[in-house]
Amino acid sequence: MNGGPSVWAISPEERNKHDQKFDTLSPSMGYVSGEQARKFFLQSGLPSNVLADIWALADMNKDGKMDRLEFSIAMKLIKLKLQGTPLPSALPIIMKQPPVPAPSFGSVPNLSMIPGTNLAMLTPISMTTPGLTPLLVSFSVQTLKSNIWCVLSFSSASSSPSMMSPMAAVPSDWAVPHASRLKYRQQFNSLDKQMTGYLTGQQVRGAMATTMLTQTQLASIWTLADVDKDGKLKAEEFILAMHLVDMAKSGQPLPLTLPTELVPPSQRYVNFTHPLNLTVSKLFPPLCSVSFEDKFKANLERGNAELEKRRLALQEAERREQERRAQKEREERERREKEAREAEERRRKEEERRLERQRELERQKEEERHREIERKEVRGHVIPFFFIPLPPHVKVFFSIVPVSSCQVDETTEREEGWLYGSRQGKMGWFPESYVERVDRSDAANNTAAASPKMPLQSQLSNALEAAKAAGTKSAFTPTHSPNPAPSETQGQVRPLQKMLRYSPCCLFQQVVGNLLAQALCSWTAKTDNHLNFNKDDVIQVLEQQENWWLGELNGEQGWFPKTYVTLLGEEESSETSLPMLKSKKPESQLTCGYITVYLCLCMFAEYVALYTYESPERGDLTFSEGDVILVSKREGEWWNGSIGDRTGVFPSNYVKPKEADTSSISGKKKPEIAQVIKAHTSTGSEQLNLENGQLIVILGKTASGWWLGELQARGKKRQKGWFPASNVKILGSNSGKSTPAHQPGKTHTPLQVIAIYDYTAANQDEMSFTKGQLINVLDKNDPDWWKGEINGIPGLFPTNYVKMTTVDCDPSQQWCADLNSLDSLSPQEKKRQGYIHELLQTEERYVDDLQIVLEVFHKPMSESGRLNDAEMSMIFVNWKELLACNTKLVKAFRVRKKTGGENMPVQMIGDILAAELSHMQPYIRFCSCQINGATLLQTRTDSEPDFKDFLKKIATDYRCKGMPLSSFLLKPMQRITRYPLHIKNILECTAEGHADRGPLKEALERAEELCQQVNEGVREKENSDRLEWIQNHVQCDGAAEHLVFNSLTNCLGPRKLLHSGKMFKAKSNKELWAFLFNDFLLLTHAAKQFTSSGLDKLFSNRNNVQLKMYKPPVLLNEVLVKLPDPSSDEPTFHISHIDRVYILRTDNINERTAWVQKIKAASEEFIETEKKKREKAYQARSVKTSGIGRLLVTILEATELKAAKPNGKSNPYCEVTMGAQIFTSRTLNDTLNPKWNFNCQFHIKDLYQDVLCITIFERDQFSPDDFLGRTEVPMATIKKEVENKGLVTRRLLLREVPTGEVWVRLDLQLFGNK
């Protein structure tokens, strides 16, 4: 029999425990009824069908009730079943015997001393004895065999251990950890929904699908775990399989065969054979002889069984081979498809690179041809260079047919490739390759002959006005004119800007004569200013641009692409390839020379920072006052810009347009030019692509190593952007030594540095100084050489010869400008004092900001009457309390600093922080309510333009530095989070043993605790707001009880919203909105369709959507979440709840993962909480006490209870307590007169102190249980009533409720010796 004979034996200790349990059930006439036993056995947690099998085995006389022996047998079978031992098909005879004491292993028992060895004991009892059956004969023989088996086992173990079979010895414990057994036993019960006692291969496959192991590993685990090879897993086999999964996931190799210590206990005696069995069989021959036919038949059955087993093994091996081949073929097919895709992608990229190289070669050839034509033109003519004053964002360079020459000042120092000269009183720089040297006589003659009759600017304006009056349109010009541009400061260039306003690129325009072109193919107009024509049509060309020509056909004019036509009678190259203007008209007919205008409207504008902007947000662009910013996008109050390689957004009121530098235009200042020495590829549109040898005009420099410049590449439009300074070199000796112009009206404290070494000037523009001298810094554009002055004498000096002395230095020196005081301190103390100074300074500025809010914003807003008191309170909350807290802190800092002396070290700071941070509780309320205030402010600003203008107007106060009210409202939250950082910095620089170290640690704990309280308050407020939104927008019709979302749960404390979002039913694709709380999952659907881009929109107060409950709420202690096949890309998952399965789909895999993880975590926490609650009650009952007696209580029924449900019913249960001892009855649904018939037993410690308390509750699912009444009976009263009467039945009225009573039966048993 499974488990061996000794497994089923009941020891005397077990029998005593069983008798004690039997007495607690109040047996009647020595028996307990089936109902009493059923309730008691159900507490074991075994399924009802298993308990029914145990009852059938234990109830030997089938009378429907149990005596002590039958009850003990049932308890033993329940214990073995819980340990994983299968139930026997028939009751073992040894269980009917009196308790057998455990044998001693110290010595081999004597055979003669074993009960049953006396042959006289084997004599059959007379059949005439009433009540006895012949089974007693076999009983005695079996007993004898059992005892002899024990003796032989012990003898063999002591004499010849080598002869023991590996499966014969029973190990003291199973190698599977106890925690794993409990965990996977619970998982087995949840999977075995039909309570069959085993799991099929399909069920186990679904459970193991989430283990992420390979198919080969899972197949090996199944082979090892299926010990009895029946194709299904029992409880112990399933636990073994999951233990092997844990081993494989932890990296341990799987055994080839199952070790003895891993074999389940119930399988260790299957097919047990032992050499000593031969001895037993010799000593005890079988009671009945076995014939040859029986042996042959048994042998044949064993052979058939072995053949069937081998056949199944071969089938399994064949199936695995087929799966392996299919998997290999699938992987091979996927590999080939992947290689094909990669090859196609490589071909596509190679084709793109080939086309790009071809386009680059064509572009280079075109540029070379242009340069060759320009060189030919320059050889015959002198082309002067003119400067036209324009606004800073427009630069115009134009050339005319030579009519005069320029005078060049060869004494001026110049860069390579540039000349400095004058013409008609204008001075400027121009490229050397655009002119050639002429004799003075030739220059004089040319100048006299070409003297213009009117200024060139006027001629240019007239020419452009004439072109405008002619109505000529460009192919790139919109047919409807946009809004006119604002008036320019220089009237002479207004016609030029009006004409070229719509072209952001360079225009190559050529006015031609009577040219004729023939159409190569048809062209259909794309806009109303295009020209339609068919193939072979002859078109009169009126004007030529780079890629588009203006022509006339059948009296209609319009633009068309030049590639669609070919010129008649002339070479196309002579008319279309020149960027310079040519014409067939005689020169005398032109008012001015033909003009080519190169216009570059810069996409990026330069701005200068008015204030320093710092932000912890990712994506924001931080900068300091005076930094140059390249703005790429201007929309609303937040603009996009870049400084070097940094890009981001910033408030527009922090910057101003950079003033135009007219000194270079007027010739007073030479532009700074750099040459590219190392190529650079841009990572964004705000950076420049650099090629070796290119020239760049430097527009600005930053200390970060990125400069702003304008690229002057011939044949391309000018580009403005950032580039790394290390990739260029400055041309000329005076480069980089310019001093920025002083801004009048702006006070600025000069930066001072102190010399730490002597330095002697090596060049004329440098300055000499000695160690210890103070130098005023005038310019820091170059990170290696700064410009400064000593006693009014300016010059350059190396930055590594000096150190900071003012507030721009590092934190370790900010508190003191006296080097002598600094030198007396250790480096660690310098750093500590620097951090203390930083804390004091930032606290002063923060208090000033708090005061600014009251004076600049709060007072005008309150006096204007635009907001009522409630709205003002919602926006500013308790702002004055915050100001009071921090003002007190600043005063304490000032007193401490004054006590130690100005510019002297502060010895103690932690005691002030620890004391004052304890009184900053107002921050918890402000930060919790701040989001509501910010929402109200944003709503009013968006909906009321007058209110928005009002806030802008009051924010223009100079103290605001351009920041709006919303920025100031964020400062308290930002400040409270900085306290731990400040204190940590100070603490790290405070030496061990320092008097301030202890107070600083205490202050750090207070600061972190305050931040934690603030964060918790913010989270609770947000959670409460969202729960209230759900209460108002979700219709919970049909729920079993009234749902109040913002309330307490039944046993998990306050309800919390853990996750929410949109999902779909997998089959019908129905859209659902799910809300996951810490106790249940709610699925809803929209009453009407609505669109929402995110949860912020979903929980917005402006969202009036109404949701309906799709299904009743799903309690998380009753759900099982599992994923489908992990290899599937479908974002679906399953939720099993009792008898219903929900198959849901999310938008993507990440959403599915988030839902599954959060539901599993919440479910496990719910189950764990209930488990701890039950264990606590069980432990209180299980504590053995030495009392003076016991009280047996039977709660019979209750009548006329209070109705707690809308239908006039209740779901009552009873809780009976005496001190720490607690018993709870089952819950009966929909009744006001429950009949529990519930038994419990209490140990009595003191007759005059113990009180029996009976409380009745209404069982609620989504809220704490409702109170239905309580009654209490002192033990002294029970003793007086029960004494000398035995069992007493009493009717007790329920207190604290209007109606209800409970009937109880009491039995007091006092111990005699007490």
Side-chain angles (χ1 to χ4, degrees), residues 483 486-487 605 607-615 617 620-627 629 631 633-641 649-659 743-747 844-883 886 926 929-975 1101-1102:
N483 297 329
S487 59
Y607 283 77
V608 179
L610 294 172
Y611 318 102
T612 298
Y613 175 65
E614 297 179 355
S615 172
E617 297 292 334
D620 282 12
L621 179 65
T622 59
F623 47 78
S624 302
E625 181 179 353
D627 285 353
I629 304 165
V631 178
K633 186 177 181 181
R634 292 175 289 183
E635 288 185 2
E637 298 179 356
W638 290 85
W639 292 358
N640 291 71
V649 297
F650 59 92
S652 59
N653 52 3
Y654 271 59
V655 298
K656 70 172 183 178
K658 184 178 179 182
E659 298 179 0
Q743 299 182 2
K746 181 175 180 180
T747 60
E844 293 269 5
R845 290 197 294 268
Y846 172 63
V847 172
D848 292 340
D849 290 337
L850 295 179
Q851 189 65 39
I852 288 172
V853 171
L854 287 182
E855 297 176 359
V856 177
F857 294 102
H858 186 278
K859 184 177 179 181
M861 292 172 66
S862 178
E863 293 176 351
S864 67
R866 297 175 183 269
L867 299 171
N868 55 38
D869 294 341
E871 291 174 329
M872 290 290 294
S873 178
M874 183 179 294
I875 293 175
F876 295 98
V877 198
N878 55 344
W879 195 272
K880 294 182 179 179
E881 295 180 12
L882 305 184
L883 179 60
N886 290 87
F926 177 85
C929 302
Q930 190 267 338
I931 186 172
N932 292 335
T935 303
L936 172 62
L937 187 64
Q938 187 65 37
T939 302
R940 293 291 300 271
T941 303
D942 294 342
S943 59
E944 300 179 18
D946 293 342
F947 184 73
K948 181 179 180 180
D949 294 339
F950 172 73
L951 288 182
K952 280 189 175 181
K953 181 178 179 181
I954 61 178
T956 56
D957 191 292
Y958 71 95
R959 292 173 291 180
C960 297
K961 296 182 179 179
M963 288 195 300
L965 175 60
S966 57
S967 299
F968 283 97
L969 293 179
L970 292 175
K971 285 185 177 292
M973 176 74 81
Q974 296 171 346
R975 185 60 184 173
N1101 291 328
R1102 292 180 290 180

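Atom set for the values below is all heavy atoms of this structure, side chains included, hydrogens, waters and symmetry mates excluded.
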For the atom pair [atom1] ([X]) and [atom2] ([Y]), what is the distance rounded to the nearest 0.5 Å?
| X | Y | atom1 | atom2 | value |
| --- | --- | --- | --- | --- |
| C960 | D849 | SG | CG | 9.0 Å |
| Y654 | M963 | OH | CE | 4.5 Å |
| L937 | N932 | CG | CG | 12.5 Å |
| L610 | D627 | CG | CG | 11.5 Å |
| Q938 | S966 | CD | OG | 7.5 Å |

Review item, side-chain donor-acceptor pairs of residues 868-876, under 3.5 Å, at least two apart:
residue : atom : partner : partner atom : Å
N868    : OD1  : A870    : N            : 3.2
N868    : OD1  : E871    : N            : 2.7
E871    : OE1  : N868    : N            : 3.2
E871    : OE1  : R940    : NH1          : 3.1
E871    : OE2  : R940    : NH1          : 3.2

Open item on the list: Pair L850, K971 - check side-chain contact (heavy atoms from CB on, under 4.5 Å), show working.
Closed with: CA-CA 9 Å; L850 295 179; K971 285 185 177 292; 5.8 Å; no

Task: pair P972-W879: side-chain heavy atoms closer than 4.5 Å - done: yes

TODO: Answer yes or no: is there a side-chain heavy-atom contact under 4.5 Å between S652 and W638?
DONE: no

Got a list of side-chain donor-acceptor pairs under 3.5 Å for residues 859-867, not counting sequence neighbours?
residue : atom : partner : partner atom : Å
S864    : OG   : P860    : O            : 3.3
S864    : OG   : M861    : O            : 2.9
S864    : OG   : R866    : N            : 3.4

Open item on the list: Suppose we screen for ring-ring contact (aromatic ring centres under 6.0 Å, His included). Which residues come up paired with F950, at least two apart in sequence or across chains?
Closed with: none

TODO: For Y613 and L621, run side-chain contact (heavy atoms from CB on, under 4.5 Å): C-alpha distance rounded to whole Å, both residues' side-chain angles, the deciding distance at 0.1 Å, then the answer.
DONE: CA-CA 8 Å; Y613 175 65; L621 179 65; 6.0 Å; no

Open item on the list: Around atom CD1 of I931, are there more than 12 heavy atoms from other residues, nucleotides or ligands closer than 6.0 Å?
Closed with: no

TODO: Just grab all the side-chain hydrogen bond (donor to acceptor under 3.5 Å, both in side chains) pairs involving residues 948-958, residues at least two apart or on different chains.
DONE: D957-R959

Task: Under the side-chain contact (heavy atoms from CB on, under 4.5 Å) test, residues paired with V847 that sit two or more places apart - done: E843, L883, N886, T887, V890

Task: Residues which pass side-chain contact (heavy atoms from CB on, under 4.5 Å) with T612, listed by chain and number, not counting sequence neighbours - done: E614, S624, E625

Task: F926 to V877 - nearest heavy-atom pair and separation - done: CD1-CB, 3.7 Å

TODO: Taking all heavy atoms of N653 and all of Y611, pick out the closest pair and write down the distance.
DONE: O-CE1, 3.8 Å

Open item on the list: Quick one, W639 with V655, criterion side-chain contact (heavy atoms from CB on, under 4.5 Å). Give me CA distance, side-chain angles, the key distance, then yes/no.
Closed with: CA-CA 10 Å; W639 292 358; V655 298; 4.2 Å; yes

TODO: Could you check V856 against F968 for side-chain contact (heavy atoms from CB on, under 4.5 Å), going step by step and ending with a plain yes or no?
DONE: CA-CA 11 Å; V856 177; F968 283 97; over 6 Å; no

